[in-house]
Amino acid sequence: MTVEKAEMRLKILYFAWVREKTGRAFEEVDVPLGIATVADLVTWLKTRGPEFELAFARSDVIRAAIDQVHAKPTAEIANAREIAFFPPVTGG
Amino acid sequence: MTVEKAEMRLKILYFAWVREKTGRAFEEVDVPLGIATVADLVTWLKTRGPEFELAFARSDVIRAAIDQVHAKPTAEIANAREIAFFPPVTGG
Amino acid sequence: MGVRVQTADFDLSMEVAALTTGRTDIGAIVTFTGTVRGEANGQPIALMSLEHYPGMTEAELARVEAEALARWPLSASLIVHRVGDLKPGDNIVLVVAASAHRQMAFDAAAFLMDYLKTRAPFWKKETGADSAGHWVDARDSDGEAIARWSSTG
Amino acid sequence: MGVRVQTADFDLSMEVAALTTGRTDIGAIVTFTGTVRGEANGQPIALMSLEHYPGMTEAELARVEAEALARWPLSASLIVHRVGDLKPGDNIVLVVAASAHRQMAFDAAAFLMDYLKTRAPFWKKETGADSAGHWVDARDSDGEAIARWSSTG
């Protein structure tokens, strides 16, 4: 992969059953222009194949973090370096 | 001391500053007839000398236990074996 | 379920292990350790002496523990209270409450401490650097702390 | 003030001693230990696997600890969370809160646990005796527990 538009290159991480369903722990992706929010990114990810459609089928329960801080679906992803998707946390 | 009326013989214990002021940790006393409650007993004890008058001067803050159970001033002392007087507890 | 009064120190890990080792029904263990502070009312203290009422202490602590067990499904609980002469930094008291879920363990441990502070027959005497000793006054806030529990029974 | 994520077990006494030894400003130390229960929803479990988000975990735990310090004058605090494969009875998490007075230590420890359960990026997977694994669902009561704190800030 060559980096043509650095501002669109994102590291995406998946945890717990989101990781199991997407079949990967992380990837670097080139996100098309026009993807402004976390919700936009989820919509776009679901178009990338059946494993993503399955992983994000229950997108209402999936949580996100932008650069290691919890983020809402409406959060802007501009300038983000890394975005993570995961189920509600169950530690402690 | 000989036990003439077993029902009037009481073991009385004193703790913390009540002990220091009465000058004793415990004693066995023959309580006269007519002493019915914890409050009656305090009133009678105060007649036994200046150290008791001093020890029970702040009788409103002194607590009592009858047979190792917290008791109110109005509690009956009939059938008690041991009565204790002490300041509010400060453990823990 | 145990209650002990002792002059010796206690070890947190050993006490918890004795209650929980080999058990898989416990999910939450809360401990409270009370220690001697080096100052009281802004004055340094050199020594803290703890006096108690033998016999009544054990009976009262057992009653308090029974009340806690009637309120919460505790898996295990323990109260250890030291007596005698202690120095700043020394342990005074240990309360352990173990339960399947965390809120019960927290509530039970706080309850045991509140009752212990207002009912268990212990008295503290502080001795300052000048060797003047004075008995610690009961704090009003302890009475308020215990009042919390009367409406939740 | 510390936050650690580790595969190794922890020792309660050693962790508390590391926070408090030599200090005489502490009067109350509350610890919470979370352990793996042997059953989930009535089914025995053989293994509990804990996954986390390295980097975010430490950052989030540090933020939670900073919030606790903004609310209570804590003398010391510590969060240790294990990851990897654990068995029933094993320790999962340790929270320690030390303060001059007991109510602050209790409140701070409960607060740290509530926030940890709702914000720290850990996920538990239980494996039953039949080797079937499933991810633990978040409990609604954890969301309610955290809501308590928003009105007391």
Side-chain angles (χ1 to χ4, degrees), chain B residues 9-29 31 37-39 41-42 45 51-92, chain C residues 3 5-6 32-37 40 48-64 79-84 86 91-95 109-126 133-143 145-146:
Chain B
R9 170 65 54 97
L10 269 182
K11 183 177 182 182
I12 307 189
L13 300 94
Y14 308 97
F15 292 97
W17 53 256
V18 184
R19 171 180 55 73
E20 288 182 343
K21 288 181 178 174
T22 62
R24 67 206 77 189
F26 69 91
E27 60 183 339
E28 301 232 338
V29 294
V31 177
T37 65
V38 168
L41 183 59
V42 168
L45 285 170
E51 73 273 32
F52 285 94
E53 209 167 335
L54 179 70
F56 287 92
R58 293 168 61 200
S59 63
D60 55 317
V61 303
I62 292 180
R63 303 289 183 263
I66 299 177
D67 292 336
Q68 308 190 346
V69 177
H70 289 290
K72 297 194 164 137
T74 53
E76 303 274 342
I77 64 170
N79 306 316
R81 292 179 306 280
E82 119 180 6
I83 297 191
F85 292 102
F86 42 77
V89 303
T90 55
Chain C
V3 159
V5 179
Q6 61 188 42
F32 177 91
T33 305
T35 59
V36 181
R37 284 202 304 279
M48 165 85 80
S49 302
L50 272 138
E51 175 175 331
H52 81 128
Y53 181 176
M56 178 168 173
T57 303
E58 291 77 1
E60 189 62 35
L61 293 180
R63 284 190 284 269
V64 168
I79 296 173
V80 181
H81 205 300
R82 296 180 71 190
V83 289
L86 305 175
N91 291 326
I92 302 173
V93 64
L94 171 66
V95 161
F111 169 91
L112 288 172
M113 277 308 299
D114 285 350
Y115 266 72
L116 205 153
K117 287 226 166 227
T118 49
R119 288 195 355 200
F122 290 91
W123 299 275
K124 286 182 180 131
K125 187 177 194 174
E126 293 165 345
H134 72 274
W135 295 93
V136 174
D137 274 332
R139 288 167 55 220
D140 286 343
S141 62
D142 290 329
I146 195 112

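What you see is a predicted model; the values in this text were computed from it and never measured. Chain letters run A, B, ... following the sequence lines, proteins first, then strands; residues in each count from 1.
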A.B. asks: Among C:Ser49, C:Ala59, C:Gly55, single out the residue with the greatest number of heavy-atom pairs under 4.5 Å to chain B.
C.D. replies: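 Top option by heavy-atom pairs under 4.5 Å: C:Gly55.
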A.B. asks: For residues 68-75 of chain B, give me every residue with a non-hydrogen atom less than 4.5 Å from any non-hydrogen atom of chain C.
C.D. replies: B:Gln68, B:Val69, B:His70
A.B. asks: Would you mind checking which part of C:Arg63 comes under 4.5 Å of any heavy atom in chain B, side chain (CB onward), backbone (N, CA, C, O), both or neither?
C.D. replies: side chain
A.B. asks: State which residues pass salt bridge (charged side-chain N to carboxylate O under 4.0 Å, His left out) with C:Lys124; sequence neighbours excluded, sorted by chain then number.
C.D. replies: none
A.B. asks: Within residues 82-92 of chain B, which positions have a heavy-atom distance to chain C below 4.5 Å?
C.D. replies: B:Glu82, B:Ala84, B:Phe86, B:Pro87, B:Pro88, B:Val89, B:Thr90, B:Gly91, B:Gly92
A.B. asks: Most heavy-atom pairs under 4.5 angstrom with chain B, which of C:Asp137, C:Val136, C:Ile79?
C.D. replies: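 Of the candidates given, the most pairs with chain B belong to C:Val136.
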A.B. asks: So which part of C:Lys125 gets closer than 4.5 Å to some heavy atom of chain B, the side chain, the backbone, both or neither?
C.D. replies: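 Contact with chain B is through the side chain of C:Lys125 alone.
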A.B. asks: Rounded to the nearest 0.5 Å, how far apart are OH of C:Tyr53 and CZ of B:Phe15?
C.D. replies: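 Reported to 0.5 Å precision, the distance equals 5.5 Å.
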A.B. asks: Tell me which donor-acceptor pairs under 3.5 Å the side chains of residues 51-65 of chain B have, and how far apart each pair is, sequence neighbours excluded?
C.D. replies:
residue	atom	partner	partner atom	Å
B:Glu51	OE2	B:Arg24	NH2	3.0
B:Arg63	NH1	B:Val61	O	3.1

A.B. asks: Considering only heavy atoms, which portion of C:His52 lies under 4.5 Å from any heavy atom of chain B: side chain, backbone, both, or neither?
C.D. replies: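 For C:His52, the backbone is the part near chain B, not the side chain.
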